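This report refers to the structure that appears directly beneath it.
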Amino acid sequence: MPTPLIERYGEHLSLEAGDPVVTLNEGSTPLIHSPRLSERVGAEVHLKFEGANPTGSFKDRGMTVAVSRAKGRGAEAVICASTGNTAASAAAYAARAGLRGAVIVPEGKIAVGKLAQALMHGARVIALQGNFDQALTIVRALAESHPIELVNSVNRYRIEGQKTAAYEVCDELGEAPDALAIPVGNAGNVTAYWAGFQDRGASPVLYGFQAEGAAPLVEGHPIDQPETIASAIRIGNPARWEEAMNAFTASRGRVAAVSDQQILDAYRLLASSEGLFCEPASAASVAGLLAHGLPVAEGSEPPGSVVCVLTGHGLKDPDTALGKAPPVIGCEVDLAAVEKAVFD
Ligand code: AN7
């Protein structure tokens, strides 16, 4: 059973002495070697499967710390804007802590599994007739005028918790990888990985990927109406814009865009040839590596090792999976018919 992340890495987190540990035993996720991707890109590729966290995404790493601190300082409720995973995680950790939770999500634009999670954990779910960026602006204002803790990644404890994924990668490989490929939405996670690597004195090349229709960092300006099938990263004005761009520059990496088709191809490839079912947004890391090739910093050798972060579980979004998968084969109760269905 994984040790709670706060117990494992507490000395690197700035929780206060009296804070409770609100945990679901998050973190310690598998780092899985991929022989096929390694061969295809010409470097050793490992996949960090963050879908193995308790609510099925990397958000749990930040949420254990943010909700522990919120509870420690006497908050009675937490709030966030979310494309889905933050909502699911905030709702679960709020339930665990005995706090009330409210989540604001873009109406009709979050995967159904995430919605089910937020509702089941007892959060108040508000579907905003707008997008994530508008929801974030509103929750920031609400948190300033009400005694409610904001647990989006603008909350520093979220970033602190999420940087532990970089520690785990270094610990498991015995050293930092040469490069890290990661999907980018609100840009909190890439900021967190960079902080974690810096804590370890490491500077892997950061290679961030946004969906083509929601690629503000690539285009250099906010996108008013972001669009992508990868609903988790349908974000047009990332809160951690500057930190993320600084991290790309400092690591001599870059941020690039991948099309929805490239995302879906990688999504299917990971499921069908690696046995790893991640959600579409997560597949952006692998899509980017396949579409753009290995990141090579100027004046350096190509990386020998790359870690791709698979940020969330494929079960979150059954609609996209079933919409893209081959049909189920119906069959009557008859040996010959089943034989034909199986072997033909
Ligand atoms: C699976 O849940 O923003 O760049 O509100 O769910 O740190 O935002 C989710 C983001 C990548 C992007 N992969 O991470 C939310 C939310 C998955 C995600 C990202 C998200 P950031």
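Read the numbers this way: they start at 1 and go in the same order the structure lists the ligands and their atoms. All values below were derived from every heavy atom in this structure, side-chain atoms included, with hydrogens, water molecules and symmetry-related copies excluded. Quick caveat: nothing in here was measured; it's all calculated off a predicted structure.
If you run side-chain contact (heavy atoms from CB on, under 4.5 Å) between V309 and each of T29, V190, L180, only L180 comes through.
Looking at N186, its side chain does come within 3.5 Å of a backbone N or O of A239 through a donor-acceptor pair. Panel note: side chain D133, backbone N237; a donor-acceptor pair is recorded below 3.5 Å. Looking only at distances, a side-chain donor or acceptor of R268 sits under 3.5 Å from a matching main-chain atom of K324.
Closest heavy-atom approach to atom 7 (O) of ligand 1 among the candidates N189, L217, L136, V103: N189. Checking T86, N85, L310 against atom 6 (O) of ligand 1, the nearest heavy atom belongs to N85. The closest heavy-atom contact to atom 19 (C) of ligand 1, among the options I182, I110, I233, comes from I233. With distances taken over non-hydrogen atoms, the option nearest atom 17 (C) of ligand 1 out of D317, T311, N152, T191 is T311.
When hydrogens are left out, the protein atom nearest atom 18 (C) of ligand 1 is A232 CB, 3.5 Å; that is the closest non-hydrogen contact. For atom 14 (O) of ligand 1, the closest heavy atom belonging to the protein is F58 CZ, 3.5 Å. For atom 5 (O) of ligand 1, the closest non-hydrogen atom of the protein is T83 N, 2.8 Å. In this structure, the protein non-hydrogen atom closest to atom 8 (O) of ligand 1 is N186 N, 2.7 Å.
Of all non-hydrogen atoms in A87 and S82, the two that sit nearest each other are N-OG, 3.0 Å.
Put simply, no part of S57 is less than 4.0 Å from ligand 1, judged by heavy atoms. In this structure, S153 does not count as a contact residue of ligand 1, since none of its heavy atoms falls inside 4.0 Å of the ligand. K59 counts as a contact of ligand 1, since one of its heavy atoms falls under 4.0 Å from the ligand.
Annotation: cation-pi geometry satisfied between R200 and Y167 (NZ/CZ under 6.0 angstrom from ring centroid, within 45° of ring axis).
Counting atoms of ligand 1 from 1 in the listed order, those under 4.0 Å from a heavy atom of G188 are 4 (O), 7 (O), 21 (P). Heavy-atom contacts of A187 reach the following atoms of ligand 1: 4 (O), 8 (O), 21 (P) (cutoff under 4.0 Å). Residue contact check: E279 has heavy atoms under 4.0 Å from atoms 1 (C) of ligand 1. Heavy-atom contacts of S82 reach the following atoms of ligand 1: 2 (O), 5 (O), 15 (C) (cutoff under 4.0 Å). Close contacts between ligand 1 and I235 involve ligand atoms 3 (O) [criterion: under 4.0 Å to a heavy atom]. If you number the atoms of ligand 1 from 1 as listed, the ones under 4.0 Å from a heavy atom of V184 come out as 4 (O).
Contact of the V65 side chain with the L15 side chain is registered, since non-hydrogen atoms from C-beta on lie closer than 4.5 Å.
With respect to E160 and R69, no salt bridge is recorded, no charged nitrogen being found less than 4.0 Å from a carboxylate O. Using a 4.0 Å cut-off between charged nitrogen and carboxylate oxygen, E172 and K48 do not count as a salt-bridge pair.
There is no side-chain donor-acceptor pair under 3.5 Å between S305 and E44.
Between H292 and F209, the angle of the ring planes stays under 30°, which puts this pair in the parallel group of the 30/60° scheme.
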